Amino acid sequence: MTEVDLATSADRSATEWWRDAVVYQVYPRSFADSNGDGVGDIDGLREKLGYLELLGVDAIWLCPVTCSPMADHGYDVSDPRDIDPLFGDLAAFDALIADAHERGIRVTMDLVPNHTSDQHAWFLEALSAAPGGPARERYFFRDGRGASGAEPPNNWRSVFGGPAWTRITEPDGSPGQWYLHLFAPEQPDLNWGNREIFDDLARTLRFWLDRGVDGFRIDVAHGLAKPDGLADMEHPDKDPTLLGSAADDPRFDQDGVHEIHRNIRKVLDEYPGAVAVGEVWVDDGERFGRYVRHDELHLAFNFRLAQADFDTTDIREAIDHSIGAVDPVGATPTWTLSNHDVDREVTRYGDGQVGLDRARAMSLVELALPGVVFLYNGSELGLPNVDLPDEALRDPMWERSGHTERGRDGCRVPIPWEGTKAPYGFTSGPDGPWLPMPADWSGLTVEAQLEDLASTLTLYRTALELRRRRPEASGDGIEWFPAPPQCLAFRRSGGLFCVLNGTEHPVPPPPGRLLLSSAPLVDGKLAPNSAAWLV
Ligand code: GLC
C-alpha cells in the first residue's frame, strides 16, 4: 500500500465505522426503568451500558425518546428537539452519549420525518387556521368527496387499519377538511413538497449531531414523498402491513423520495462519521438499492431475513437478495432477525425449545455475514414473544383494527435483568412494568445467563467477540458451498465457514476447525436446528 492508500483506508475506517458494526436496538420503554414508573428511561439505559460493553456491541440505536404524547410510543413526535419527560431530559441524554462514548459505544437515534404528532405545534396551528393557508400546507389537508365532503379524499388505508384520512372540525364548528395519516390519526403525514419541512429537519439533524450523536435511524424512509394528486389506489383492499409494500403502492417508494435523502445526506456529510440507516420496505432489489446510492442513505434495513421462515431455501434467498440489492451500488448490506415491529425470532421459528434452537442457529448465520447486524434488545437472551391478555394490549394497532390485529406488544415486553420473579429487576415501582412480564422468565434473565456457558447470552457474547477479533470474519462477500438438503454452507471471503443444519437429524460438519456452534455436537455431528463456524 502506498502512503496515500493507507491514509485513505484509515479515514475510511474512522468515518465508516459502521461497515461491519453490530448495532443494538434499544426499545427504551422496555429496557430498564430507573425511576420506578414502570417505563424504561434514559438513566436506566445509562446504568446498563456496562452490560452492552460486555456483550460487545459497537453502537446503540435508540428508538424515539423525543417529546411525544405516546399514541404510538414515541413514533408520534410533538417536539423533535427535546427529550420526553417520561424518558428523562437533555442532560440525561448528554450524559448517556458521554458515558457510551467513554465505553467505545456509538449512539444513533430514531428520527421520524414522515409524520408528526397531532399535538405538534404545527398541527395545532393547522387545525386553527383556515383551509388553504400555509399552516395546512405543511400537511395533507384536502376537501372530502361527495356532495357534503363526507367521504375521504381518496381510498387509501392506514397501515394500522381503517382509512388513512380523518375529518376535522373547522374552527367555526363546521365539519371540515380531511388530513392524511398513513399510520394512526395521531400521526398526520407531513407534506415534504414544502421546503419548510426539510429546513426544520436539517435543524433537528444538526441539533442532535452537535450534541454528539453518531447517526440516525430514519423511520418510514421510503414513504416521505407522496404522488401528486393523491389518486385512488387500485387495490385498496390489500391492507398494507408493516415491513411490506407492493410495487404499485402509491403511498410508498415514490421517485421523489430520493431528492429528500440526498438533501439529508448533505447535512450528515458535514459531520464525518455520522451515519443514516433508513427503514425501507421495498421488495424489489433494484429499487431498494436506489436508497443507498453514494449520495443518499448510508444503509437501509433489509427485512428479508426477518420475514424468512426457518427454511434453507427462504434463508438463502433472503441473503442473496440482501447482498444483491446493495452490491451494484457499492453499499453495505444489513441484517436483522427481529425488531420492535415483528414477532421475536424464537416464536417465529416455532417457539419452545425448537424455536430457541433455531434462533440460536440463525444468530450464527446472521453474525457470519458481511455488513451491519442490527440486534433487537432481548434477542441475545433468546426471549420469545409473549401472549398478552387483551386488557394489557397497548399498541394502537389493536384498537385501530377493531381488535382483529393484536399488534406488536408481544415483542415489546420489558427485559428481564435479575431475580426469580417478575418484574426481574426491570422496575422497582409499585405498579409494575408497563406490560406484564411472564412468570416463567427467571431462567432467561441476564443474571441467570451471564455465567452460564450454555446460555444464549454466552453464545452471543462469544460470537460477537469472534466476529470482532478473527481475521477470517472479514471480507465483503460470501460464497455458497454445496450442502445436504435443508442445510446451508457459505464462506465469508475472509475465510470463516458457516454451516446451518436445518434438518431434524445430526449432520456431519465439513472439514475444518470448529470455532463455535450454537448447540453441542452430537457424536461429532452438527445437532438438528443448529449452526457452526469453522476455519
Ligand atoms: C415505523 C416504526 C413503527 C411505527 C411506524 C410509524 O414502521 O418502526 O414502530 O409504528 O413507523 O411511525
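Counting starts at 1 for both ligands and their atoms, in listed order. It should be emphasised that the depicted structure is a prediction, and the values quoted were computed from it without experimental measurement.
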**Message:** Between ligand 1 and His73, can you find any atom pair, the residue atom being a heavy atom, that is separated by under 4.0 Å?
**Reply:** no
**Message:** Only heavy atoms of Gln187, strictly under 4.0 Å: list the atoms of ligand 1 that pass.
**Reply:** 6 (C), 12 (O)
**Message:** Just checking Glu317: does its CD atom have more than 12 heavy atoms from other residues, nucleotides or ligands closer to it than 6.0 angstrom?
**Reply:** yes
**Asked** For Phe301, is the nearest heavy atom under 4.0 Å from an atom of ligand 1?
**Response** no
**Item:** Test item: Asp409 and Trp434 side chains (from C-beta on) under 4.5 Å apart, heavy atoms
**Value:** yes
**Prompt:** Which residue pairs pass the salt bridge (Lys or Arg N to Asp or Glu O under 4.0 Å) test with at least one member in residues 365-391, sequence neighbours excluded?
**Reply:** Asp390-Arg406
**Prompt:** Sequence neighbours excluded, which residues qualify as side chain to side chain donor-acceptor pair (under 3.5 Å) partners of Glu125?
**Reply:** Arg138
**Message:** Under 4.0 Å, heavy-atom basis, I'd like to know which part of Tyr27 is in contact with ligand 1: side chain, backbone, both or neither.
**Reply:** neither
**Message:** With heavy-atom distances below 4.0 Å as the criterion, list the atoms of ligand 1 near Trp281.
**Reply:** 7 (O)
**Asked** Closer than 4.0 angstrom: is that true for some heavy atom of Met397 and an atom of ligand 1?
**Response** no
**Fill in**
Taking only non-hydrogen atoms of His340 and a 4.0 Å limit, the atoms of ligand 1 in range are 2 (C), 3 (C), 8 (O), 9 (O)
**Prompt:** Angle class for the Trp281/His222 ring planes (parallel below 30°, perpendicular above 60°, tilted otherwise)?
**Reply:** tilted
**Prompt:** Any N or O on Asp341 sitting closer than 3.5 Å to an N or O of ligand 1?
**Reply:** yes
**Request:** Could you go through the ring pair (Phe, Tyr, Trp, His ring centres under 6.0 Å) check for Phe301 and Trp61 one step at a time?
**Result:** CA-CA 13 Å; Phe301 283 105; Trp61 149 29; 5.2 Å; yes
**Asked** Under 4.0 Å from ligand 1, counting heavy atoms only, is it the side chain of Glu279, its backbone, both or neither?
**Response** side chain
**Asked** Are the ring centres of Phe183 and Tyr75 closer than 6.0 Å?
**Response** no
**Complete:** One finds that the ligand 1 atoms under 4.0 Å from a non-hydrogen atom of Phe160 are 10 (O)
**Item:** Lys NZ or Arg CZ of Arg400 over Phe160 ring: under 6.0 Å, within 45°
**Value:** no
**Message:** Test of understanding: given a 4.0 Å heavy-atom threshold, classify the contact between Arg217 and ligand 1 as side chain, backbone, both, or neither.
**Reply:** side chain
**Asked** Which atoms from ligand 1 have a heavy atom of Arg408 less than 4.0 Å away?
**Response** 3 (C), 4 (C), 9 (O), 10 (O)
**Item:** Element-labelled atoms of ligand 1 that are located less than 4.0 Å from some non-hydrogen atom of His115
**Value:** 6 (C), 12 (O)
**Asked** Under 4.5 Å between any side-chain heavy atoms of Arg290 and Asp253, yes or no?
**Response** no
**Fill in**
Quick look: Arg412 vs ligand 1, heavy-atom contacts under 4.0 Å, and the answer is side chain
**Message:** Using side-chain heavy atoms (C-beta onward) and a distance below 4.5 Å, is His235 in contact with Asp248?
**Reply:** yes
**Request:** Using a 4.0 Å heavy-atom cut-off, say whether Val220 meets ligand 1 through its side chain, its backbone, both or neither.
**Result:** side chain
